[in-house]
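Everything on this sheet refers to the single structure shown next.
Order of the sequence lines fixes the chain letters, A, B, ..., with proteins taken first and strands second; residue numbering starts at 1 for each chain. Bear in mind the structure is a predicted one, so any value in this text is a computation, not a measurement.
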Amino acid sequence: MDEIDALRRMRTALAHEESPDRLAPRTDWRSGVAPRPRRSFKVPVLSVISTAALVAGAVVVISVTSSPAPDEGRPVRMGESKGPLEPGNALLVAATNVEKGATGKYWHTTRITGEIYAIGKSAADHYKLESRMQYDEWTDSRGKQCVAFGDLPARPWTALDKQKWEKAGAPTTVEFPIPEGTGGLFLKPTRTGGPCREVGERRFLGMTVKQLAGLPTQPEQLEKALLNIKGNWEAVSSKPGERPIRALKGDKRVRALSDAAGTLLGVAPAPPEVRAAAFRMLATLPGVKAEGETTDPLGRPGTVISLPVETTVPLGIYTAPKQLGTYRRQWIIDPDNGTLLAVRDLVATPPHGSRELPPGDDGKPRRLTVDTQPDRFHKRGEVSDYEVYAKAEWSDAVPR
Amino acid sequence: MVTARVVSPPAEKLDDSGIVAASLEDPEAFGELFRRHAPRLHAYIKRRLGPSLADDVVAETFATAFRQRGRFDGRAEFAAWLWGIASNVIARHHRQETRMYRAFARTGVDPAEDGVAELAGDRVDAQACGPRLAKALASLSAQDRSAVLLLAWGELSYAEIAATLDLPLGTVKAKIHRARTKLRKALPEEKNDG
């Protein structure tokens with residue numbers, strides 16, 4: 001089987017062609033909304049495509065149903081702590097408390113990921129939107145999963161951004177530059193929901209749930225076990241193939257270990273003792289420090305643990321750099337319950353300068369430039385992206 | 001003076017370029033182009049971006065094509081012109097598309113197929129290398145991805161892809177070659193005669 005055949009066998013359920021009569025009403029994505037067409041022409045009577053669909057590029061006013069996330073307007077001050085907090089204090093408290101927690105039939109997480117994009121031409125005249133995806137995952141003791149995805153509508157980031165967005169005519173489709181070209185966001189409600197889908201056995205960090213349960217419960221041993229996990233652990237790598245975390249040095253090793261710890265504390269159905277060890281291991285990583293209290297993207301209070309990171313892109317995907325700033329990754333934890341509330345990245349150094357990229361097809365040199373960065377107008381301390389666990393709990397309730 | 005009223009032939013009998021020309025006078029005629037081209041284009045976009053985004057992208061593609069129909073000069077195939085517009089709209093969703101491939105790679109469930117009623121169970125078994133391919137697709141640049149998926153999912157020829165992406169044929173070949181190399185590495189190794 002060659003790779004083109006393999007691709008052809010992928011997503012076959014979506015390859016089905018639908019009749020134009022079924023498509024016409026559906027592609028009229030403004031149905032039921034009062035349109036404000038930019039140009040008028042005769043409404044086609046017999047043709048299958050409606051007027052609305054023809055001018056689908058026109059702007060529509062749809063109110064944004066949900067309000068912006070609370071408490072995200074002000075930059076979060078970094079390094080601020082309410083006293084001589086030991087780096088691992090909150091983590092150790094969390095570790096102690098998570099060990100006390102009861103387990104259940106399913107590990108259930110509801111996770112929302114957000115990215116904040118600048119829309120506009122200049123720092124003085126722009127607003128920020130957040131794109132959001134929601135993931136619901138139930139995992140049982142054998143690793144069987146039921147998963148649901150939701151593509152939540154984008155929305156203005158702060159109340160001020162909402163005002164500016166409204167002033168700009170409240171567009172429901174916006175475009176902005178990204179390193180790959182132009183990005184787009186929809187602010188109108190999306191079709192989401194539906195029951196979760198059963199999937200086969202899921203692995204976490206390459207391990208089955210059984211193997212997760214067998215991970216060491218002492219932080220030093222846990223670290224050793226994680227160091228042996230093979231994977232693509234670099235943010236930017238031109239070399240394909242999997243290597244253990246152990247093969248990395250310095251910051252890269254810390255970043256990979258912290259990612260692994262994040263998985264154990266987040267989506268993975270790791271037993272309480274392993275979670276506790278993951279908290280304790282995180283506390284020992286060089287560069288990790290406690291920063292005091294904050295609220296997470298859902299407005300819940302928590303304690304911040306942070307680590308400077310060179311880049312926030314997911315590990316193991318890219319062969320060229322995508323960012324021009326530096327960042328501070330924050331884990332917001334609830335020490336009393338021993339839970340991870342959220343992970344977010346704050347801009348430490350706003351995007352600046354440029355970077356050389358591998359040559360393009362014409363063989364000419366290319367550069368990554370600031371004007372392609374979603375966070376080009378961010379100031380130090382502003383949130384670049386986040387991942388928040390609305391739920392992360394053991395449950396006996398049947399997935400739905 | 002007598003004004004002659006030209007009665008144009010019904011849209012169904014015209015070729016694509018004829019309809020575009022007719023639609024300059026009579027916007028309704030454009031509907032026939034939707035009939036002819038939307039189903040296949042929609043199926044292709046669904047496969048790349050999932051059903052709910054596909055409806056929006058098709059709407060935007062036809063809206064753009066309609067607005068710009070005066071610029072269509074008939075020298076290229078209408079289909080290539082239309083698919084070229086669609087490719088630009090799809091490229092704006094590059095990140096969303098990448099996120100879905102990544103989620104598929106990570107969880108083994110393809111968000112693009114969310115809400116698709118058919119066969120939840122078999123799909124996972126039928127396409128065991130799906131997540132690995134998805135991971136490789138996530139790593140491709142927007143244009144390389146477009147080129148290889150126009151071939152595999154759009155079932156266009158190299159020449160049609162060149163026309164659609166407005167690139168020289170050699171560039172298209174190079175892009176597809178590079179994309180295939182990455183995708184091949186994602187597949188389990190097997191004996192290869194070729």
Under 3.5 Å, side-chain donor or acceptor atoms of residues 79-89 of chain B against the rest of the protein: list the pairs with distances, not counting sequence neighbours.
from  : atom 1 : to    : atom 2 : distance (Å)
B/S87 : OG     : B/W83 : O      : 2.8

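Using a 4.5 Å cut-off between heavy atoms, A/T113 makes no contact with chain B at all. Only the side chain of A/P374 comes within contact range of chain B, with at least one heavy atom under 4.5 Å from a heavy atom of that chain. With a threshold of 4.5 angstrom between heavy atoms, B/A91 approaches chain A through N, CA, C or O but not through any side-chain atom. For a residue to count as touching a neighbouring chain, one of its non-hydrogen atoms must lie under 4.5 Å from one of that chain's; by this rule A/E18 touches chain B with backbone and side chain alike. Contacts of A/Y135 with chain B are made by side-chain atoms alone, with heavy-atom separations under 4.5 Å and no backbone atom involved. Only the side chain of B/L149 comes within contact range of chain A, with at least one heavy atom under 4.5 Å from a heavy atom of that chain. Residue contact with chain A, scored on non-hydrogen atoms closer than 4.5 Å, involves the backbone and the side chain of B/A134 alike.
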(Q) side chain to side chain contact (heavy atoms under 4.5 Å, CB included), that's the test. Do A/M207 and A/I229 meet it? Break it down for me. (A) CA-CA 9 Å; A/M207 288 179 279; A/I229 297 178; 3.7 Å; yes

Q | Candidate pair A/M133 and A/D151, rule side chain to side chain contact (heavy atoms under 4.5 Å, CB included), full reasoning | A | CA-CA 5 Å; A/M133 291 268 283; A/D151 190 3; 3.8 Å; yes

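By the ring pair (Phe, Tyr, Trp, His ring centres under 6.0 Å) test, B/H93 is found to be paired with A/F186, residues two or more places apart in sequence or in another chain being considered.
Listed options B/L183, B/I176, B/T107, B/L33 were ranked by heavy-atom pairs under 4.5 angstrom with chain A; first place goes to B/T107. Heavy-atom pairs under 4.5 Å with chain A were tallied for B/K46, B/R180, B/H94; the largest tally goes to B/R180. Interface summary for chain A: among B/R92, B/K135, B/E155, B/R102, the most heavy-atom pairs under 4.5 angstrom belong to B/R92. For the options B/R40, B/R48, B/M100, heavy-atom pairs under 4.5 Å to chain A are most numerous at B/R40.
Note that CG of B/L137 and CG of A/L7 are 5.5 Å apart. Values are rounded to the nearest 0.5 Å. Rounding to the nearest 0.5 angstrom, the gap separating the CG atom in A/D385 from the OG1 atom in A/T312 is 4.5 Å. In this structure, CD in A/E137 is found 5.0 Å from CZ in A/R202, a value given to the nearest 0.5 Å.
Under the 6.0 Å distance and 45° angle rule, B/R69 counts as a cation-pi partner of B/F66.
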